[in-house]
Amino acid sequence: MVIITMMGVEIMSFDKASWVLELIAIGFNLGLVFLSFMVVLSRKIAVYLHPNQLIKQDSDGVSEATILTEIQSVEIGKTYKASLYSCFYVLFLQVVVLCYNGVCLIKLEKGFVITNLEPLILPTSQGLAWLVLSFSVLNCRVKSLEKFPLHIRLWWIVSFIICLSTLYADLMEIGIKGSKHLKSSHLLANLASTPVLGFLCFVGLRGITGITQVVRGSDLREPLLVEEDAGCLKVTAYSDAGVFSLATLSWLDALLAIGARRPLELKDIPLLDHKDRSKFNYKILNSNWDKLKSENQPSLGWALFRSFWKEAAKNAVFAGLYTLVSYVGPYMISDFVDYLGGIETFAHEGYVLAGVFFVAKLIETLTTRQWYLGVDILGMHVRSALTAMVYRKGLRLSSSSKQGHTSGEIVNYMAVDVQRVGDYAWYLHDIWMLPMQIVLALAILYKSVGIACIATLIATILSIVVTIPLARVQELYQDKLMAAKDDRMRKTSECLRNMRILKSQAWEDRYRRRLEEMRSVEFRWLKKALYSQAFITFFFWSSPIFVAAVTFGTSILIGGQLTAGGVLSALATFRILQEPLRNFPDLVSMMAQTKVSLDRIAGFLQEEELQEDATIVLPRGASNVAIEIKDGEFRWDPCGPRPTLSDIEVKVNRGMRVAVCGGVGSGKSSFLSCILGEIPKVCGEVRICGSAAYVSQSSWIQSGNIEENILFGNPKDKAKYKSVLNACSLKRDLELFSHGDQTIIGDRGINLSGGQKQRVQLARALYQDADIYLLDDPFSAVDAHTGSELFTEYILTALATKTVVYVTHQIEFLPAADLILVLKEGHIIQAGKYDDLLQAGTDFNTLVSAHQEAIEAMDIYNHSSEESDENDPLDRPIHMGAKCESVGSSMDRMAKAPTEPASGVSDHKAIKEKKKAKRSRKKQLVQEEERERGKISMKIYFSYMAAAYKGLLVPLIIIAQTLFQVLQIASNWWMAWANPQTEGDSARVSSVVLIGVYMALAFGSSWFIFVRAVLVATFGLAAAQKLFMKMLVNVFRAPMSFFDSTPAGRILNRVSVDQSVVDLDIPFRLGGFASTTIQLLGIVGVMTQVTWQVLLLVVPMAIACLWMQKYYMASSRELVRIVSIQKSPIINLFGESIAGAATIRGFGQEKRFMKRNLYLLDCFARPFFCSIAAIEWLCLRMELLSTFVFAFCLVLLVSFPRKAIDPSMAGLAVTYGLQLNARLSRWILSFCKLENKIISIERIHQYCHIPSEAPPIIEACRPPPSWPEEGNIEIIDLKVRYKENLPVVLRGVTCAFPGGKKIGIVGRTGSGKSTLIQVLFRLLEPEGGRIIIDNIDISSIGLHDLRSRLSIIPQDPTLFEGTIRGNLDPLEEHSDQEVWEALDKSQLGDVVREKELTLDAPVLENGDNWSVGQRQLVSLGRALLKQARILVLDEATASVDSATDNLIQKIIRTEFKDCTVCTIAHRIPTVIDSDLVLVLSDGQVAEFDSPSRLLEDKFSMFYKLVTEYSSRSSSIPDC
């Protein structure tokens, strides 16, 4: 008895000890959970109270976020990984114990009312504690902590102690009670967790996480070349990830951890693997395309298949596996309902069925994610390869092909068509999966409804057949929509390029209205496309309902008995089949769109290229003949009435200088083009020996700094570079720039003067050290002094041993030539040396005579050259009779110039200087593209929703979707409830009522879908149109400084890519998100209605999902922003490359530009790849959570006592539960994709709020209709800078131009002449001072009132695509007779009359089918039509010969005799007869007086300019 008593006491003591330990464990766990909650809450409150302390600025203004960007990467050690997995392992054990205890209680209580909750308290508290702990450990990686926080370490140590104590008590109890106690779930969990807790205790004692930060310890690691500056030197972990890492996508964890800590930058994103890079995929596709073309079977689709079939096949394996396992659930539902109804075929059947369901869903989840990631990567490869091919084709297009494809259209090929072909990867497998899904569905339906499945097949085929006419309609609408978009993009691109001329002529409103008209055409097709899509949506949401109704109706008619299990199985099957059937219209539409895009791209890729044999290039030194043309005939227009050049016979020996001259439109530029192989050759032969360098007449400058433009891809040789700057007279200009040669050049060289752009071009050519130099009128844009200096230092010195062919209108540069070619109407009418041609007379004599007339008009020959020599040694006349061998040698000698001492400058210092230059970019004109950071503001969402009908449609869309979901659930509930549970049971209603109610509910729901689709389309159309119009108006109202500092590619990116997203994507994303949200709520509602216990996991699962979504979005949002920004440089490079294709080809730089394009494509693909992987990373985790919830629901249903719940309702819950993982991931995915797409609205929103220039009209301050009457211009203390952080350009200019006088404005290149004109037109607003015209301050009136009363003939002549009449009179204010008069006066009448269409003669993009001189004459014609009181000529005759220049000056003196004419000119004869001359120097007034008064002062700057021009011309012998 004593022994028994002692044993009883011992048992009681151990029971008490266990109870105390449980209380301690519960209190400890709940306490730490509460403490963690309070810590998080306090941080949130601190952030709210002190938001400004989040980012502390140091003394240099560098934020902590900037400092953090120095971290290259975070390396995760094995210790951390093991600790994290251990935490989740213990959490999993606690969840299992909780579920097990819950099931046991339900069985014990035999119902749903549980009175004793004690067994659930401990596992619940421990589960919560380990959930918090697990995420706390995850947070250590986010913050890159090298030591675990103290509370985590204490937690692990105390948990291990409690575990050991509890285990000891339990083992002692086993010793007393026996092995029965081994069945305790708590004991088993303790045994399983003890080793893990021991490890965590050890880690807690050490405290080290195993996380290490790899920091950029040295600037030496930073690459020097732009192409190598990928930012991150690490290749993505995807390339060598293991099977587990690939399956779970955990290779992405490191990047997401950085993104959660701070906003991601491009340098954080790892490089792509070799096989994912653009170059690799481009080579494969290009090779297959070339093979097919050689076989005369140029099918782009087939080339894509040959290139990427292996990737597609690998994806097909995952897609097929997904399809198979997705039908496991519907197949087994009837068995599950039978089991719940009491039919058990073998022991533990319920748990086996639950296990099969779980495994099938698990495999489905894993395969889906791999399939989706695979198609995304496949699409990325296709897009990269196609974009590269389109770019390469753009560089090789012949002139005739260019006429059919403008740069705007080609941008659309890249931005829209290539994107669409890449997106088709998503639909690639649907073609074979749909038949496979139909077969599987029929097999399951045969089991459920018997022979009635035949009716299912017929109904399905009928549903598919009906889509054929719908697909044709969709294809038609897509064709029309794309054509309209092409037209709009072409005109938009043209307007952006020529915004300066539009604003100065006050035409911007007219051209904006044209764009609005083109958008309205596009909008009509967009409306038809979206409303037809709404009808298709209704049809295909109805088709599964139609199929179900036909199936059930047929089954009833043929006498088959429907059971609840069979019906639920059929409904689950229809639901799975519904997805491919509903996606079938998208598939058909996408196939149609992809076919259109493939045809467009293929058509472009098959366009004619430049003739490869047009020019035969011999290696350097192979011949003494540098250029030889035999019997050459060339024509730009193959259908033209006469060739551009004919009977060309030229032979140029190595080292010769050849001058080409002739009148406007005589074929001078075409002659250089035929040497380059640019102009189509009809017959003859062209040979060149050695490399060539080309300087075009219209300056082509790349975006980037001045140094990059000069080096043009070559390594920098300091001595050679310095010599080039001196030879091109650029040294002084660079000293004036605050950043020197690191100055960022704006779009199309906007912040350089015309002369500076031309000299940068010359420097670029000189630095190449080519054998042959082709210069197209390079001296027209520079002043006389600079021109003389350039000719001496550049052509006579630096190129002394080179072969030079230069086109020029400056007669004074002709005597130095070894050979002069005189062209007229495409023929070489004279060839020889200067003296020989003079003696021969004819056309050359006419050109020289015109020049002599201009010189004589200057009347300064009494000033001898000796006097000018005494005044300034720099102004000596240039004697050009000989070759000037003594002046210097060639580039070879320049390269051997003595180098400056290195003075110990290391690579480290060079890189430091480069970093300093990068930091100084914030003071440059062109800045990095703006990008929002952090969470997208709710204002963006609200502004979009309010854009259409003030947001009134949004609640209607939600109501329609809700009613659809309610009726869908009601129809399924009706079929499950009304049918008998098992065969033999009686039905609750008659067959007619059964099928009638079902059809009423089901088809009623589809009508609400139709309403929702129409409302979404209506909403999307209205919002897209309003946003587009607002953006367009704001862009056109933006100041000129915006266009100067913003590359056109950025604006085009918004009006093409982002606008397409707003047009076609965002409304359906919003509708889809609302739809998925309501469906998810419906699924959870149905499941909780049957088993409320699911809420125990649904709530924590929802919290975990939201946390993961927030964690993911921190990185995803920045990745999408980076993707959007990285798209602009691709478009910008393409636009630049098309414009400068002749220069690129002339330098033989196609390969380098192709490399640059591939590099930019990889910069775009890197963030895109990480972005798509991040989406799958999130979806995988979402679906795994929902799979476990579904499994928990199944276990609960199996564990419930039989007959405790209605088997039909349980089957309905399982039917909906099968969709839970897909719907949950789709919900999160739709929200994330919506937020990613909303970034397009964010970017458009930025351009909807550009600061506008002054109003076009100020009603209170409108000038009189006749203003200006006198034309007096008074400039008072004018100060101007291009941008707030840039230096002052005009420094206190003060002068007055009397009305009706002719004012000449001269000065060295870059002195501020063109800037003064920009301020006159208020293209630049002055920082200080005023301009008064006829007693009205121009800053007080509207811009339209000002600009429409002034007239300008600009330095860069601009023609718009269209007709000659449209270019002369775009506002259509004048009659044809007036237009003809203007053409005759501007010397173009005869040229236009020769055209077949006369005034309607076509003008191609940029006026490419008219010479530069002819374009300048068209600009004169505009001024003649406008007849403004004040006329400005900004180098208006720079591109015409002397004879034409003299004629134009006579016309201006006659036609504008009562006008104030301000003339900027480098040709002194152009301004010598002015009433007054303004001489500018470094942005200040140097001199201002009449020419005669200024010439009296031999020390005046004007005297020096005139003397210099006269001196260099005086060396020309008289004719």
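Within the model, atoms OG of Ser1060 and CD1 of Ile1066 stand 11.0 Å from one another, a figure rounded to the nearest 0.5 Å. Rounding to the nearest 0.5 angstrom, the gap separating the CG atom in Leu386 from the CD atom in Gln419 is 11.5 Å. If you take OG on Ser1351 and CG on Leu1425, they are separated by 9.5 Å, rounding to the nearest 0.5 Å. Rounding to the nearest 0.5 Å places CD1 of Ile501 at 6.0 Å from CZ of Arg1422. Here Gln702 contributes atom CD and Ser1137 contributes atom OG; the two are 7.0 Å apart, rounded to the nearest 0.5 Å. The line from OG of Ser670 to CZ of Arg635 is 12.5 Å long, rounded to the nearest 0.5 Å.
Counting only heavy atoms from C-beta outward, the side chains of Arg524 and Lys480 never approach each other to under 4.5 Å. Side-chain contact between Leu953 and Tyr949 is present, with heavy atoms from C-beta onward closer than 4.5 Å. Side-chain atoms of Trp1410 and Ile1364, non-hydrogen and from C-beta on, do get closer than 4.5 Å to each other. Counting only heavy atoms from C-beta outward, the side chains of Met1029 and Arg519 approach each other to under 4.5 Å. By the 4.5 Å heavy-atom criterion applied to side chains, Leu496 and Val1035 are counted as neighbours. Residues His1249 and His1245 meet the side-chain proximity criterion, which asks for heavy atoms closer than 4.5 Å. Under the 4.5 Å side-chain criterion, counting only non-hydrogen atoms from C-beta, Arg383 is not in contact with Val421. Put simply, the side chain of Leu515 reaches to within 4.5 Å of the side chain of Leu1032, judged on heavy atoms.
Between the side chain of Arg488 and the main chain of Val1055, a donor-acceptor pair closer than 3.5 Å is present. With hydrogens and angles ignored, the 3.5 Å screen pairs no side-chain donor or acceptor of Lys1426 with any backbone N or O of Ile1352. In this structure, Glu1378 contributes its side chain and Ser1375 its backbone to a donor-acceptor pair below 3.5 Å. One N or O on the side chain of Asn1367 and one on the backbone of Phe1360 form a donor-acceptor pair closer than 3.5 Å. Using modelled atom types, no side-chain atom of Ser278 and backbone atom of Ser384 make a donor-acceptor pair closer than 3.5 Å. Here the side chain of Ser398 pairs a donor or acceptor atom with the backbone of Glu608 at under 3.5 angstrom. Judged by distance alone, the side chain of Asn1157 and the main-chain N or O of Phe1153 form no donor-acceptor pair under 3.5 Å. For the pair Arg1145 (side chain) and Glu678 (backbone), a donor-acceptor distance under 3.5 Å is absent. Side chain of Ser597 to main chain of Thr594: no donor-acceptor pair is present (N/O by atom type, distance under 3.5 Å, no hydrogens or angles). Although no hydrogens or angles enter the test, the distance criterion places no donor-acceptor pair under 3.5 Å between the side chain of Asp1058 and the main chain of Ser1240.
Closest heavy-atom contact between Leu605 and Lys293: O-NZ, 4.3 Å. For Trp302 against Leu292, the heavy-atom pair with the smallest separation is CD1-CD2, 3.4 Å. Scanning both residues, Ala1038 and Ile1250, for their nearest heavy atoms gives CB-CG2, 3.8 Å. The minimum heavy-atom distance linking Leu1323 with Lys503 is given by the pair CD2-CB, 3.6 Å. When all heavy atoms of Leu1160 and Pro1129 are compared, the closest pair comes out as CD1-O, 3.7 Å. Tyr944 and Gly1020 make their closest contact through OH-CA, 4.1 Å (heavy atoms, listed as atom of the first residue, atom of the second, distance).
Using a 4.0 Å cut-off between charged side-chain N and carboxylate O, Arg512 and Glu516 make a salt bridge. Electrostatic pairing of Arg490 and Asp486 does not count as a salt bridge here, judged by no charged N lying under 4.0 Å from a carboxylate O. For the pair Arg1037 and Glu1253, the salt-bridge criterion is met [side-chain N within less than 4.0 Å of a carboxylate O]. A salt bridge is defined here as a Lys NZ or Arg NE, NH1 or NH2 lying under 4.0 Å from an Asp or Glu carboxylate O, and Asp1369 with Arg1365 meets this definition. Look at Arg510 and Glu1372 and you find a salt bridge, because one of the NZ, NE, NH1 or NH2 atoms lies within 4.0 Å of a carboxylate O, short of that distance.
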Stepwise side chain to side chain contact (heavy atoms under 4.5 Å, CB included) check, Val1392 with Trp1380: CA-CA 9 Å; Val1392 174; Trp1380 277 117; 3.8 Å; yes

Asp509/Arg513 under salt bridge (Lys or Arg N to Asp or Glu O under 4.0 Å): CA gap, chis, key distance, verdict: CA-CA 6 Å; Asp509 284 343; Arg513 285 195 294 272; 5.1 Å; no

Evaluation steps, salt bridge (Lys or Arg N to Asp or Glu O under 4.0 Å), between Lys595 and Asp599: CA-CA 6 Å; Lys595 183 180 181 300; Asp599 290 344; 3.2 Å; yes

Residues Cys495, Phe1036; criterion side chain to side chain contact (heavy atoms under 4.5 Å, CB included); working and verdict: CA-CA 9 Å; Cys495 289; Phe1036 271 73; 3.9 Å; yes

Test log, rule salt bridge (Lys or Arg N to Asp or Glu O under 4.0 Å), inputs Lys393 and Glu609: CA-CA 8 Å; Lys393 187 70 180 184; Glu609 295 184 1; 2.9 Å; yes

Audit row: Met389, Arg392, side chain to side chain contact (heavy atoms under 4.5 Å, CB included) steps and yes/no: CA-CA 5 Å; Met389 285 184 69; Arg392 173 176 164 272; 5.6 Å; no

Side chain to side chain contact (heavy atoms under 4.5 Å, CB included) between Gln1126 and Phe1168, intermediate numbers included: CA-CA 10 Å; Gln1126 291 302 317; Phe1168 175 79; over 6 Å; no

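Annotation: cation-pi geometry not satisfied between Arg1347 and Trp507 (NZ/CZ under 6.0 angstrom from ring centroid, within 45° of ring axis). Annotation: cation-pi geometry satisfied between Arg514 and Tyr511 (NZ/CZ under 6.0 angstrom from ring centroid, within 45° of ring axis).
For the pairing with Tyr391, the ring pair (Phe, Tyr, Trp, His ring centres under 6.0 Å) check across Phe604, Phe1134, Tyr413 returns one residue only, Phe1134.
Between Phe1042 and Tyr1247, the distance from one ring center to the other falls under 6.0 angstrom.
A side-chain donor from one of Asp1063 and Gln1059 sits under 3.5 Å from a side-chain acceptor of the other. A donor-acceptor pair shorter than 3.5 Å cannot be found between the side chains of Ser1419 and Arg1415. Using modelled atom types and a 3.5 Å distance limit, the side chains of Tyr531 and Thr1018 yield a donor-acceptor pair.
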